[in-house]
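If you're wondering where the values come from, they're calculated on a predicted model, not measured in any experiment. Only this structure's heavy atoms are used, side chains among them; waters, hydrogens and symmetry mates stay out. Start at 1 with the first residue, then count along the sequence.
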Amino acid sequence: MPSHSRRRFLATVGAASLAGCALADGTGPGGDGWPETAETTTDPLPDESNGWPQFGRDARHAGFAPEVRIDDPTEEWSVGRSGGLATPAVVGERVFVYGSTATESGDGDGGCVVDALRASDGRREWRRPLPGFGDAISGCPPVVYRGSVYVGTASRTGLHALDARDGSPRWGHETENSINEAALGYRGTVYASTGDELLAFDQRGREQWAYRTGDDRLASGSPAGAGGRVLYTTGIVGTVVALEPGGTGSSEWRYVREASFGTPTVADDTVFVPTHFENSRIHAIDLDDGTRRWTRPADIVTGFATDGDRLYGATDGDDLVALGAADGQERWRTALPGGGGVRFGTRPLVTDRSVIVTTEARDPSGHATTTAVDRRTGEVRWTVDHAVDRPLGGPVAAGGRVYVPLYASDSPTYRLVALADR
């Protein structure tokens, strides 16, 4: 199985265990009604690719929904929970939500669950508890791929697959380390990262191969798929690696820098990868051979969204910025209202006319704000204030609605809000 040689890296991301649901005392996939593999596969849901089924909407993580147009939104419905919440997936008339029902103080029933909500009013159609104990903050976003929902969990648990139609368990795979980033469905295979390896499964849950990052490398982003390649990034010794989806997962090319690479985004034949912390830059890499096309310093603290012509991200200075995809040059910069800034890791989304992002309040007594700016000019088109003060993971859009996951830091409570035109 592919691997790198490297020095032993002993640092850990302890905070990452707060991002997921822990399984207690060895209770893991394969137990509590979860088989280790499934006998059959599931059929894709109708119009599965036309919703927001995966992280960043599609395997390329573009975050672009050109068929969605929102001009004068108001809150259509919202649902709350006492525990955690992840960015949802949306397919057809269902919204798939993953989180926990426990609070940080330990109240609640301590369960991790996947809910299927009705897109029109937020009513629950089914709920599937996951085995084990639920933490206060949910894990990675759910992914819907070819009729199944895939969710990873933290604190050394694994990957679970559910039937998207009724929530019935399909299979579970236990991993040594937590899965804190969204899985990827691409070319008939499901990929999940534990931070130190990328695992590939067929749709029945049988492991195909594992790519190990090696010492001094730690992955903290979701893998992407484009051009017949799976793109996987690491930090510490930063690497972008292009892997063959089939066979043994061997690498086609590597792009290595002294940087911490985030989640890749692909537009046409270019891979865009942010680096964070002391060496914040954007790297544009040729998808075919891994050579550098351009790089430039950037103070962007979020992931990217792209319409193919421009990249959109938010800065640590509370600005939303558009950069040319061809050269990285700044096209416009807009100060975001609210003044609280954008949380690290929050991603914008792009619709027919707008770039949409949610900013947090300056303090718990304030309001988080979802803002849409014109994607051509950067002019503010509309804003919506929310009853709580913090966003979670960034908004998504499908079926004429924008879905915003939120968090009240002084409660703590979590809410998913659906915005639609009046």
Side-chain angles (χ1 to χ4, degrees), residues 1-4 20 29 36-38 41-42 44 48-49 53-62 86-87 89 98 139-154 157-162 164 170-214 217-234 239-254 261-266 271 273 287 303:
M1 293 182 179
S3 65
H4 299 295
E36 293 182 357
T37 58
T41 60
T42 49
E48 189 173 281
S49 62
Q54 301 211 47
F55 179 74
R57 190 183 189 187
D58 54 25
R60 290 173 167 250
H61 303 326
T87 301
Y98 168 53
C140 61
V143 165
V144 180
Y145 182 64
R146 296 190 177 182
S148 291
V149 182
Y150 298 93
V151 289
T153 51
T157 57
L159 183 68
H160 296 82
L162 302 75
R170 297 200 60 247
W171 55 265
H173 182 92
E174 189 170 2
T175 56
E176 288 189 7
N177 297 317
S178 60
I179 296 176
N180 300 312
E181 307 298 335
L184 168 71
Y186 183 63
R187 294 201 171 188
T189 302
V190 178
Y191 303 89
S193 171
T194 66
D196 57 9
E197 62 181 356
L198 180 68
L199 303 173
F201 302 91
D202 70 12
Q203 295 171 72
R204 293 171 55 187
R206 298 173 297 188
E207 186 174 332
Q208 305 299 292
W209 49 259
Y211 174 86
R212 295 188 175 90
T213 63
R217 289 175 171 87
L218 184 68
S220 61
S222 175
R229 300 169 179 85
V230 175
L231 303 164
Y232 191 45
T233 61
T234 67
T239 303
V240 183
V241 59
L243 304 170
E244 294 181 2
T248 62
S250 59
S251 61
E252 293 190 2
W253 53 257
R254 291 188 181 95
F261 286 121
T263 296
T265 298
V266 184
V271 184
V273 188
L287 176 60

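- Annotation for R170 and A38: closest pair NH2-CB, 3.5 Å, computed over non-hydrogen atoms.
- With hydrogens and angles disregarded, no donor-acceptor distance shorter than 3.5 Å links the side chain of H61 to the backbone of P264.
- Considering all non-hydrogen atoms of both residues, Y186 and G227 come closest at OH-N, 3.5 Å.
- The closest side-chain heavy-atom distance from V143 to V190 is not below 4.5 Å.
- Of the possible polar contacts, none joining the E174 side chain to the G172 backbone as a donor-acceptor pair under 3.5 Å is found.
- One distance of note links CG of N177 with CD of E197; it measures 7.5 Å at 0.5 Å rounding.
- A donor-acceptor pair under 3.5 Å links the side-chain atoms of S193 to the main chain of G195, judged by distance alone.
- In plain terms, the two heavy atoms of P142 and V149 that are nearest each other are CB-CG1, 4.0 Å.
- A distance-only check finds a donor-acceptor pair linking the side chain of T233 to the backbone of G262 [under 3.5 Å].
- At least one side-chain heavy atom of Q203 sits under 4.5 Å from a side-chain heavy atom of Y150.
- R204 contributes no side-chain N or O that, together with a main-chain N or O of D202, makes up a donor-acceptor pair within less than 3.5 Å.
- Although no hydrogens or angles enter the test, the distance criterion places no donor-acceptor pair under 3.5 Å between the side chain of S222 and the main chain of T263.
- Atoms OH and OH, on Y211 and Y191 in that order, are 14.0 Å from each other to the nearest 0.5 Å.
- A donor-acceptor pair under 3.5 Å is absent between the side-chain atoms of E48 and the main chain of P53, judged by distance alone.
- T194 and D196 share a side-chain donor-acceptor pair at under 3.5 Å.
- For the side chain to side chain contact (heavy atoms under 4.5 Å, CB included) criterion with V273, the lone passing option out of V240, T265, L231 is V240.
- In terms of modelled atom types and a separation under 3.5 Å, the side chain of Y232 and the main chain of T239 share no donor-acceptor contact.
- Side chain of R254 to backbone of V241: no donor-acceptor contact under 3.5 angstrom is found.
- W209 has its side chain within reach of L243: a pair of non-hydrogen atoms, C-beta onward, lies under 4.5 Å apart.
- Proximity of P245 to T189: side-chain heavy atoms (C-beta onward) are nowhere separated by under 4.5 Å.
- In this structure a side-chain-to-backbone donor-acceptor pair under 3.5 Å is present from T42 to R146.
- Considering all non-hydrogen atoms of both residues, L159 and A183 come closest at CD1-CB, 4.4 Å.
- Taking all atoms of both residues into account, the shortest heavy-atom contact from A226 to L287 is O-CD1, 3.9 Å.
- Of all the heavy atoms in A86 and P141, the pair that sits closest is CB-CA, 3.9 Å.
- A heavy-atom distance below 4.5 Å is not found between the side chains of F55 and E181.
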